There are 2 protein chains.
Amino acid sequence: MPTILDVARRAGVSKSLVSMVTRGEGGVSEEKRRAILEAIDELDYRPNAMARGLVQRQTRILGVMISDLQNPFFGAVISGIQERAEERGFRVLITTGDRTPSVEESAMENLLELRVDGLILASPRVGDEAIAHAGRSVPVVVLNRDTNDDSSDSVTNDNIAGARLAVEHLVSFGHRRIAFIEGGVGAGARIRREGYLRAMRDFGLEEEIVTVEGRHTEEGGHQGAMELLKMRVLPTAVFASNDLCAIGAMTAFEEAGLSIPDDLSLVGYDNNRMAALRHISLTTIDQPGGDMGRSAVERLLERIDGDRTEPSHDVVSPSLVVRSTTGPPRFEAKA
Amino acid sequence: MPTILDVARRAGVSKSLVSMVTRGEGGVSEEKRRAILEAIDELDYRPNAMARGLVQRQTRILGVMISDLQNPFFGAVISGIQERAEERGFRVLITTGDRTPSVEESAMENLLELRVDGLILASPRVGDEAIAHAGRSVPVVVLNRDTNDDSSDSVTNDNIAGARLAVEHLVSFGHRRIAFIEGGVGAGARIRREGYLRAMRDFGLEEEIVTVEGRHTEEGGHQGAMELLKMRVLPTAVFASNDLCAIGAMTAFEEAGLSIPDDLSLVGYDNNRMAALRHISLTTIDQPGGDMGRSAVERLLERIDGDRTEPSHDVVSPSLVVRSTTGPPRFEAKA
DNA sequence: TTGAAAGCGCTAACAC
DNA sequence: GTGTTAGCGCTTTCAA
């Protein structure tokens with residue numbers, strides 16, 4: 001693999017000049033520049049980003065840790081990140097631990113060892129300590145997760161408000177017995193659960209609270225729904241912690257012979273591409289993934305450029321998207 | 001940010017010992033090792049992968065270029081890649097150009113400048129020359145795409161056979177007028193089209209060939225279907241170049257009042273998670289994404305370890321997955 | 001406008 | 001078992 005020295009020799013100049021050319025710096029005579037470009041081409045030279053990064057002490061790379069690449073919602077987030085990063089002259093490198101906490105932490109370490117200039121943690125299962133640790137060496141923005149330590153910024157959607165929107169929508173149809181399928185241990189999931197609980201209480205439905213375990217996957221939703229189906233008295237509506245989970249639940253309910261929304265109403269969270277499909281047509285809470293990705297990049301760059309040292313916590317508003325999985329309960333609400 | 005020297009000083013040892021410890025090499029006294037570990041912890045030291053990579057001339061990182069992170073099929077591919085790479089002690093870094101050819105090429109260059117030890121190109125829109133160029137510096141495996149140059153290995157599913165499976169299945173129901181919605185300019189898409197054409201000819205259906213433009217996205221499928229709907233005589237069956245495309249087409253057809261599979265049969269390609277959803281239940285051609293990802297890693301490591309210098313071209317067999325979007329044509333087939 | 005030289009943080013070869 | 005040193009490929013003073 002050719003080095004800058006090979007190029008310099010071939011072009012009959014010093015390394016410095018080659019460096020100036022690859023960095024697009026001016027002040028090189030047209031003649032030498034041409035010779036250098038030619039040598040680069042002939043040798044298939046490509047600057048070594050590690051050597052460069054080592055001396056420049058920055059990489060202009062933003063690291064992104066995504067826990068579930070199979071969830072289309074994160075596809076939207078990444079699009080937003082990529083778009084804004086590119087505008088600002090940064091590259092984006094993505095890593096995933098495929099939902100395994102230990103692998104995720106090691107993947108994050110990997111990014112850190114590479115000395116990325118900033119890190120976006122999109123809803124991972126990475127522990128608080130690991131985040132704090134990362135935050136000590138590089139600007140970090142976490143997505144959809146509360147941060148205790150104030151070393152990192154966050155961009156979240158208001159999960160409490162979103163959950164309330166879901167419950168409110170169901171209540172407005174006359175539902176009272178509204179169950180919740182949990183989203184597992186991820187940070188955002190816990191807050192949605194909290195939002196559900198609060199909303200139920202606020203609507204005077206404390207007695208009707210039912211929660212079952214689940215996860216932010218179709219399988220998780222399926223299992224949660226099966227739990228619900230075992231109950232003596234079924235809920236008339238179900239709020240699932242995310243769309244994937246809702247879709248899994250939908251499958252389970254329909255397999256059990258229930259018709260949605262006639263026998264049961266269902267609401268998800270995220271508004272991912274699957275939810276919008278005509279055949280799914282899931283009523284859900286929209287979180288603007290692309291916007292959140294773009295904001296995360298902005299926050300990161302402010303830190304990198306040193307424009308801001310105060311922690312920032314962006315909260316975007318979720319909104320209700322009514323589709324075909326919600327309607328009035330089969331029997332008149334008692335109240 | 002602390003360096004290895006800081007750690008050495010704090011632990012009262014030389015850099016070499018610290019290096020040995022971070023690399024997990026033996027031959028360090030228990031006493032010093034403990035002191036070093038402590039210093040590392042206190043200083044929040046993290047080895048600089050750039051400096052390390054510079055001297056070791058390898059990074060143990062595999063780069064993956066994915067063109068569409070919104071397509072769940074690639075999620076499966078990445079899972080496979082990640083799993084196998086981890087077993088073999090390699091990290092995986094993913095990049096995407098979000099379906100923009102120029103951005104994709106620059107994203108690929110980025111990976112190359114970082115000196116990844118190998119590159120997996122998962123169905124990107126990157127040009128042949130760019131691939132060949134990359135192949136000159138690092139082992140490259142391309143997914144689902146024919147390579148002209150023999151510098152890179154490939155892992156593909158047999159798109160010709162897969163397309164034939166789709167056509168055959170429809171023919172077995174008595175369909176004759178089977179249209180094809182194209183998948184755009186990506187390499188795999190062109191081969192599927194070719195497979196469709198060949199299969200139609202082989203079944204003596206040359207007269208019935210109808211192709212319309214599309215892309216490997218829902219929007220692309222929707223538009224392709226709209227084209228089809230404008231035709232004087234509608235096909236009785238449609239084969240779409242991938243699942244996303246098929247799902248978009250399904251939406252368009254149903255919006256136009258057609259019922260699937262009664263008025264029209266539909267087959268996709270990939271067997272992604274959306275296709276398997278109960279409400280979509282798309283008949284499709286399965287390609288084993290996870291297996292393909294794992295194979296790609298294997299091929300790459302053979303090259304990296306120098307175990308193989310001959311080009312390899314893995315071809316996996318696609319299979320038909322019959323679900324609910326195909327059936328006999330509404331009117332008896334004439335023949 | 002150009003070149004020489006120091007040094008980024010690390011590993012590896014060697015000496016002790 | 002431990003320390004010293006050269007050098008990976010680059011950028012960045014600084015001089016010429």
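Numbered from 1 within each chain, the chains take letters A, B, ... in sequence-line order. In this text, all values refer to a predicted model and were calculated from it rather than measured experimentally. The analysis underlying the following values was restricted to heavy atoms, covering all of them including side chains, and did not include hydrogens, waters or symmetry mates.
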message = Taking any atom closer than 4.0 angstrom to a non-hydrogen atom of chain B, what span of DNA chain C does the protein reach, first nucleotide to last?
response = C/dG9 to C/dA12
query = What are the residues of residues 3-23 of chain A, sorted by number, that bring a heavy atom to within less than 4.0 Å of DNA chain D?
reply =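 Those residues whose heavy atoms fall under 4.0 Å from DNA chain D, taken from residues 3-23 of chain A in numerical order, are A/Thr3, A/Ile4, A/Lys15, A/Ser16, A/Ser19, A/Arg23.
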task = May I ask you to list the residues of residues 31-43 of chain A, by number, that have any heavy atom positioned under 4.0 Å from an atom of DNA chain D?
result = none
Please check if the side chain of [X] supplies one atom and the backbone of [Y] the other of a donor-acceptor pair under 3.5 Å.
{"X": "A/Thr59", "Y": "A/Arg115", "result": "yes"}
{"X": "A/Gln82", "Y": "B/Thr96", "result": "yes"}
{"X": "B/Asn71", "Y": "B/Phe73", "result": "yes"}
{"X": "A/Arg91", "Y": "B/Ser106", "result": "yes"}

Apply side chain to side chain contact (heavy atoms under 4.5 Å, CB included) to [X] and list each qualifying residue two or more places apart in sequence or on a separate chain.
{"X": "B/Ala134", "answer": "B/Met108, B/Leu112, B/Leu119, B/Val140"}
{"X": "A/Asp44", "answer": "B/His133, B/Arg136"}
{"X": "A/Pro311", "answer": "A/Asp150, A/Asp153, A/Arg303, A/His313"}
{"X": "B/Gln58", "answer": "B/Gln56, B/Arg60, B/Asp117"}

message = Quick test of your reading: applying salt bridge (charged side-chain N to carboxylate O under 4.0 Å, His left out), list the pairs with at least one residue in residues 123-135 of chain B, sequence neighbours left out, ordered by first then second residue.
response =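 Listed once each, the pairs are B/Asp128-B/Arg145.
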ask   = If you look only at pairs with a residue in residues 11-29 of chain A, which of them pass as a salt bridge (charged side-chain N to carboxylate O under 4.0 Å, His left out), with sequence neighbours excluded?
value = A/Arg23-A/Glu25
Side-chain donor-acceptor distances from residues 287-301 of chain A under 3.5 Å, at least two apart:
residue, atom, partner, partner atom, Å
A/Gln287, OE1, A/Asn144, ND2, 2.8
A/Gln287, OE1, A/Asn157, ND2, 3.0
A/Gln287, NE2, A/Asp270, OD1, 2.8
A/Asp291, OD1, A/Arg294, NH2, 2.8
A/Arg294, NH1, A/Glu83, OE1, 3.0
A/Ser295, OG, A/Asp291, O, 3.1
A/Glu298, OE1, A/Arg88, NH2, 3.0
A/Glu298, OE2, A/Arg84, NH1, 2.3
A/Glu298, OE2, A/Arg88, NH2, 3.1
A/Arg299, NE, A/Glu302, OE1, 3.3
A/Arg299, NE, A/Glu302, OE2, 3.4
A/Arg299, NH1, A/Asp314, OD2, 2.5
A/Arg299, NH2, A/Glu302, OE2, 3.0

ask   = Run the side-chain contact (heavy atoms from CB on, under 4.5 Å) check on A/Ile94 and B/Leu69 step by step: do they pass?
value = CA-CA 11 Å; A/Ile94 304 157; B/Leu69 240 16; 3.7 Å; yes
query = Going 5' to 3' on DNA chain D, which nucleotide is the first and which the last to come under 4.0 Å of a heavy atom in chain A?
reply = D/dG9 to D/dT12
message = Both B/Leu54 and B/Glu30 contact DNA chain D. Taking the nearest nucleotide for each, which residue is further toward the 5' end?
response =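 Its nearest nucleotide being more 5', the pick is B/Glu30.
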ask   = For the side chain to side chain contact (heavy atoms under 4.5 Å, CB included) test, which of A/Val142, A/Ile66, A/Leu111 pairs with A/Leu121?
value = A/Val142
ask   = If you fit an axis to the five pairs at each end of the helix from C/dT1-D/dA16 to C/dC16-D/dG1, how big is the angle between those two axes, to 10 degrees?
value = 40°
Within-4.5 Å side-chain heavy-atom neighbours: A/Val7 and A/Val21 = no
inquiry  = I need the A/Ile81 CD1 to A/Phe74 CZ distance, nearest 0.5 Å.
reply    =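 Between atom CD1 of A/Ile81 and atom CZ of A/Phe74 there are 10.0 Å.
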